[in-house]
Amino acid sequence: MSDFEKKITEFKSKIKSSTKIEEIDSLRSDIFGKNGIINLEFKKLGALSPEEKKSFAANINKIKQELLNIYKFKSDEILNKDIIEKVEKEKIDITLPEKDFIIGKVHPVSQVIDEISCIFSEIGFSVEEGPDVENEYNNFTALNTPENHPAKDMHDTFYLDKDMKTLLRTHTSPVQVRTMLKGKPPFKIIAPGRTYRSDSDQTHTPMFHQLEGLHIDKNINMGHLKGCLNYFIKEFFEVEKIKMRFRPSHFPFTEPSAEVDIGYRLENNKIIIGEGDKWLEILGCGMVHPNVLKNCKVDPKKFQGFAFGIGIDRLAMLKYGINDLRSFFECDYRWLNHYGFDPLDVPTNYRGLSR
Ligand code: DAH
């Protein structure tokens with residue numbers, strides 16, 4: 001028996017008797033690693049004649065395959081055993097007495113995020129996420145926000161370092177940047193999430209929620225934006241018709257930019273959406289500025305599109321008749337019990353969003 005064959009027999013029996021994944025992992029590098037026995041054996045090929053090489057290499061490959069199979073079999077066996085043990089250990093006793101059990105409720109903000117995601121997914125938007133802790137570039141510079149823009153002022157932004165390079169994102173727009181930088185156009189995404197600004201009164205909290213939308217393709221224009229928002233608002237408020245108006249506005253990252261108001265009237269202090277002559281601002285939007293596309297490695301000569309940013313908390317307040325934004329974040333169980341949603345009643349397009 002050659003030295004190689006002896007080692008192989010030895011490894012086979014070692015693998016078979018192993019009981020821990022770490023043990024067979026270290027055996028794996030001894031066998032298949034760069035300086036493992038298989039590679040060392042392959043190195044002998046150089047000294048052989050062409051005919052000898054063929055059968056010699058075929059033999060090593062056969063042994064290699066056999067060892068791989070043994071290794072795979074053993075590692076599956078160990079992993080399965082680990083999983084079974086874990087499942088056994090983590091078994092939940094579902095026979096707990098029911099009488100002390102308090103049913104939790106889904107927070108209106110989570111509910112509204114689910115509803116909005118549901119509406120946009122129906123027309124081909126997928127959901128993206130970004131981190132709450134952002135860098136200055138994604139939050140401002142890449143979005144074409146000039147150095148002296150008021151939003152960059154210390155007053156609004158929570159900076160996390162002296163150099164003002166890391167911050168709590170002030171809007172969900174940096175997810176546009178992240179999405180474009182990591183992929184190739186077309187893009188059709190929404191991005192819900194937490195946002196932060198140093199502001200607090202009845203209509204502002206230091207942490208609030210936004211939802212970003214971005215649709216970039218070859219021929220996307222403001223008509224698409226209008227159609228998309230019109231559809232969204234109708235679906236969201238579950239009404240047949242709505243009144244919507246675009247007011248010219250300014251955002252550094254869009255050109256042209258607009259703010260969107262929806263028409264409503266009050267009846268016994270209740271807001272009725274879609275009728276009346278009062279207007280309520282609900283979102284900002286526009287055509288993505290060519291500079292933003294360039295900063296995100298998208299060619300503005302070939303691609304264009306729209307973006308929008310919606311205040312989620314505001315929509316939740318409107319739809320569910322909640323009048324103080326601060327109550328959202330007070331964690332008062334009585335409040336949540338009243339305004340919250342049944343966890344089993346997940347919003348779907350076919351069953352209805354909020355019923
Ligand atoms: N990021 C803006 C804000 O927080 C909202 C916004 C406006 C987002 C226009 C957009 C947009 O994507 O196109 O105030």
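Each ligand, and each atom within it, is numbered from 1 in the order the structure gives. Each residue takes its place number in the sequence, starting with 1.
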Chemist: Below 6.0 angstrom between ring centroids: does that apply to F232 and F120?
Modeler: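 Between F120 and F232, which both carry aromatic rings, the centre distance is below 6.0 Å.
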Chemist: Please name all residues satisfying salt bridge (charged side-chain N to carboxylate O under 4.0 Å, His left out) with K12, sequence neighbours left out, ordered by chain then number.
Modeler: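 If we apply the salt bridge (charged side-chain N to carboxylate O under 4.0 Å, His left out) test to K12, skipping adjacent residues, the hits are E66.
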Chemist: Given G309, G213, A307, G286, which one has a non-hydrogen atom that is nearest to atom 8 (C) of ligand 1?
Modeler: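 The residue whose heavy atom sits nearest atom 8 (C) of ligand 1 is G309.
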Chemist: Side chain or backbone, does H171 bring an N or O within less than 3.5 Å of an N or O on ligand 1?
Modeler: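 There is such a contact, yes.
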Chemist: Go through ligand 1 atom by atom and flag the ones less than 4.0 Å from a non-hydrogen atom of F251.
Modeler: 7 (C), 9 (C)
Chemist: State whether the number of non-hydrogen atoms from other residues, nucleotides or ligands found under 6.0 Å of Y137 atom OH is greater than 12.
Modeler: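 Yes.
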Chemist: Is atom CG of N80 surrounded by more than 12 heavy atoms (other residues, nucleotides or ligands) closer than 6.0 Å?
Modeler: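 Enclosed: over 12 neighbouring heavy atoms sit under 6.0 Å from CG of N80.
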Chemist: Charged N to carboxylate O below 4.0 Å: is that the case for E129 and R178?
Modeler: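 Salt bridge flag = no for R178 with E129.
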Chemist: Suppose we measure from atom 14 (O) of ligand 1 to each protein heavy atom; which comes out shortest, and what is that distance?
Modeler: R197 NH2, 3.7 Å
Chemist: Who's the nearest protein heavy-atom neighbour of atom 12 (O) of ligand 1, and how far?
Modeler: E212 OE2, 2.6 Å
Chemist: Could you tell me whether K182 atom NZ has more than 12 heavy atoms of other residues or ligands within 6.0 Å of it?
Modeler: yes
Chemist: Mark up the atoms of ligand 1 that fall under 4.0 Å of a heavy atom belonging to Q210, in ascending order.
Modeler: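 Ligand 1 atoms under the 4.0 Å threshold to Q210: 3 (C), 4 (O).
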Chemist: Answer yes or no for K319 and F236: cation-pi contact, defined as NZ/CZ to six-membered ring centre under 6.0 Å and angle to ring axis within 45°.
Modeler: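 Output yes; distance and angle both within limits.
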Chemist: Enumerate the atoms of ligand 1 whose separation from the nearest heavy atom of S173 is less than 4.0 angstrom.
Modeler: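 In order of number, 1 (N), 8 (C).
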Chemist: Within the 4.0 Å heavy-atom shell around Q176, which atoms of ligand 1 are there?
Modeler: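 Those of ligand 1 that fall under 4.0 Å from Q176 are 12 (O).
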Chemist: Taking atom CZ of R194 as the centre, report whether more than 12 heavy atoms of other residues, nucleotides or ligands fall under 6.0 Å from it.
Modeler: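 Count not over threshold, so no.
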Chemist: As an exercise, identify every atom of ligand 1 less than 4.0 angstrom from a heavy atom of T254.
Modeler: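 The list of qualifying atoms is 13 (O).
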Chemist: Decide whether the shortest distance between a heavy atom of M287 and an atom of ligand 1 is less than 4.0 Å.
Modeler: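 M287 does not count as a contact of ligand 1 under the 4.0 Å cut-off.
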Chemist: Determine, using heavy atoms of F253 and all atoms of ligand 1, whether some pair is separated by less than 4.0 Å.
Modeler: yes
